[in-house]
Protein chains: 2
Amino acid sequence: MSEMQPPETERKRAPSKRALATKLRVLDAAEKVFADRGFDGATIREIAAEAGEPVGTIHHHGGGKNALFHKTVARRAETLSCDRLNALQQVRSDGDQTLERVLAAFIRPFFDLSSKDPRWRDYARLVAFVSVDSRWKNISAECFDPVAEVFIEEISNLLPKASRKQIVEGFVYSVSAMLALLTSQNRMGALGAQVDLDSTRIDHLVRFCAAGFRV
Amino acid sequence: MSEMQPPETERKRAPSKRALATKLRVLDAAEKVFADRGFDGATIREIAAEAGEPVGTIHHHGGGKNALFHKTVARRAETLSCDRLNALQQVRSDGDQTLERVLAAFIRPFFDLSSKDPRWRDYARLVAFVSVDSRWKNISAECFDPVAEVFIEEISNLLPKASRKQIVEGFVYSVSAMLALLTSQNRMGALGAQVDLDSTRIDHLVRFCAAGFRV
DNA sequence: CCTTAACTTGAACATTTGTTCAAGTTAAGC
DNA sequence: GCTTAACTTGAACAAATGTTCAAGTTAAGG
């Protein structure tokens, strides 16, 4: 059950290009299948088929189903965190830290990445699964909470009158709304509103959240 | 795969009290286990153990895992829908339909039910699983969309300038925030804010959403 | 109080699942 | 160009899972 990365010490040889390509294929396939079916609904064999690799390879590169899930979530988390922190840094150096701009620094990168590479859309659905299942709270804590903490701090400075509790609540609402916009195209379609992810939608989301924070 | 209720015609005998009690136990157990583990993570045997019944009984009353899941989600949906519509009716008859009051009519009943009966907390986690997995969009459409439609209509009347798209987006954000407050105690705790579900929290959520709608 | 539909019970079954493993292949490090 | 760590492959395995079923029990309808 303990899912920390193995120490990775004792490696005597660099992985070959072929091996790296295989590992990439495995992670991409895992991301797709986990996003489609969740952890329990996904099977190693389906991931293997998606990757075009034999089952043994999935275990070799993934280290078991649990570890593979963890790796899949963690892989893109760093990119996302960096983009968010860079965006925040940009806001800071511009000197006009409005609530809208700070929230946009947190929210926009996910959409920007999604529009450039559809695999980020799969990743968003995967994150939605993580966020709803308390089994993965350690993964959330590891992959997302540190950056969340930075933004909560920043928002606190902008809203000195609000209690920490209010800020955290608003932040959690904002994150869940963001995931809803990233993943709920179907649902909105069913409610009679065809929503595509253009910049207008994201602006609307940011303003929605900012207005909420200011109660 | 087709999951409509069987016509239920041809029933020649009313179920006994014992049978009704068993069915209740089965549904309660299913609700708990599905809420803890999701559809794929749950097993018939674990539900059976939770209910204190043999496996065969779960199938007899549930009609298979898929049908049992459907029944479990649908069971409380009607109560919830009624409470919401009643609350809306109350707002209407009071004659002061503010956005806050209409949103509260949608949001509060879930919390009121949860505070009276902890099984509604399990149900909230179950609904969160449903909302995140596109496999269950038909269940959502059947159990929740009709009432959602009524509230969207009502909100549209209060915000005549907003487009349908904006209303639906705001509504989806509000629902996801509501589910977050119902289910994310852990997550907020991890972010350093111990949140309990008193009336203040719910007021805050309602004001958050209302402010967002008004952009 | 009968009749019998409805319910209860748990063993049995066919699949599917995650994982292991041993034999073969590739290419990194020297 | 050797050596051998690292990778690849797919067969095999034990455990778990959803479902079926046949025999026994309960109680509704008359």
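Within every chain, numbering begins at 1; the chains are lettered A, B, ... in the order of the sequence lines, protein sequences first and strands thereafter.
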I need the [atom1]-[atom2] distance between [X] and [N], as an integer number of Å.
{"X": "B/I47", "N": "D/dG18", "atom1": "CD1", "atom2": "C1'", "answer": "11 Å"}
{"X": "B/I58", "N": "C/dT8", "atom1": "CD1", "atom2": "P", "answer": "10 Å"}
{"X": "B/K23", "N": "C/dA6", "atom1": "NZ", "atom2": "C1'", "answer": "12 Å"}
{"X": "A/K65", "N": "C/dT17", "atom1": "NZ", "atom2": "P", "answer": "9 Å"}
{"X": "A/H60", "N": "C/dG24", "atom1": "NE2", "atom2": "P", "answer": "18 Å"}
{"X": "A/D40", "N": "D/dG18", "atom1": "CG", "atom2": "P", "answer": "11 Å"}
{"X": "A/L20", "N": "D/dC7", "atom1": "CG", "atom2": "P", "answer": "8 Å"}
{"X": "A/R37", "N": "C/dT17", "atom1": "CZ", "atom2": "P", "answer": "10 Å"}

For the side chain of [X], starting at C-beta, report the closest nucleotide among [options].
{"X": "A/K12", "options": "C/dG18, D/dA5, D/dC7", "result": "D/dA5"}
{"X": "B/H61", "options": "C/dT8, D/dC7, C/dT17", "result": "C/dT8"}
{"X": "B/I44", "options": "C/dG29, C/dG18, D/dT19", "result": "D/dT19"}
{"X": "A/P54", "options": "D/dT9, C/dA11, C/dG29", "result": "D/dT9"}
{"X": "B/E53", "options": "D/dT4, C/dA6, C/dT9", "result": "C/dT9"}
{"X": "B/T57", "options": "C/dG10, C/dT17, C/dT9", "result": "C/dT9"}
{"X": "A/A19", "options": "D/dT8, C/dT19, C/dA5", "result": "D/dT8"}

Please confirm whether any donor atom in the side chain of B/R18 sits under 3.5 Å from an acceptor in the base of C/dT8, or the reverse.
no
What I want to check is whether an N or O donor and acceptor connect the side chain of A/R45 with the base of C/dT16 at under 3.5 Å.
no
Quickly, which of B/F129, B/F39, B/F144 forms a ring pair (Phe, Tyr, Trp, His ring centres under 6.0 Å) with B/W136? Name it, please.
B/F39
Does A/R25 put a side-chain nitrogen or oxygen below 4.0 Å from OP1 or OP2 of D/dC7?
no
Tell me whether the OP1 or OP2 atom of D/dA16 has a side-chain N or O from B/T43 closer than 4.0 Å.
no
Would you classify B/A48 as touching base, sugar-phosphate or nothing, given that sugar-phosphate means primed atoms plus P, OP1 and OP2, and contacts are heavy atoms under 4.0 Å?
nothing
What nucleic acid atoms does B/S16 come within less than 4.0 Å of, heavy atoms only: base, sugar-phosphate, or nothing?
sugar-phosphate
Would you please indicate yes or no on a ring centroid separation below 6.0 angstrom for A/F213 and A/F171?
no
Any salt bridge between B/R76 and B/D122, counting N to O under 4.0 Å?
no
Mind telling me whether A/Y173 and B/H204 have parallel, tilted or perpendicular rings, with 30° and 60° as the class edges?
tilted
Is a side-chain donor-acceptor pair under 3.5 Å present for B/R108 with B/S199?
yes
For the residue pair A/E31 and A/T72, what are the closest heavy atoms and their distance?
CA-CG2, 3.5 Å
Who is the Watson-Crick or G-U wobble partner of D/dT19, with both distances under 3.5 Å?
C/dA12
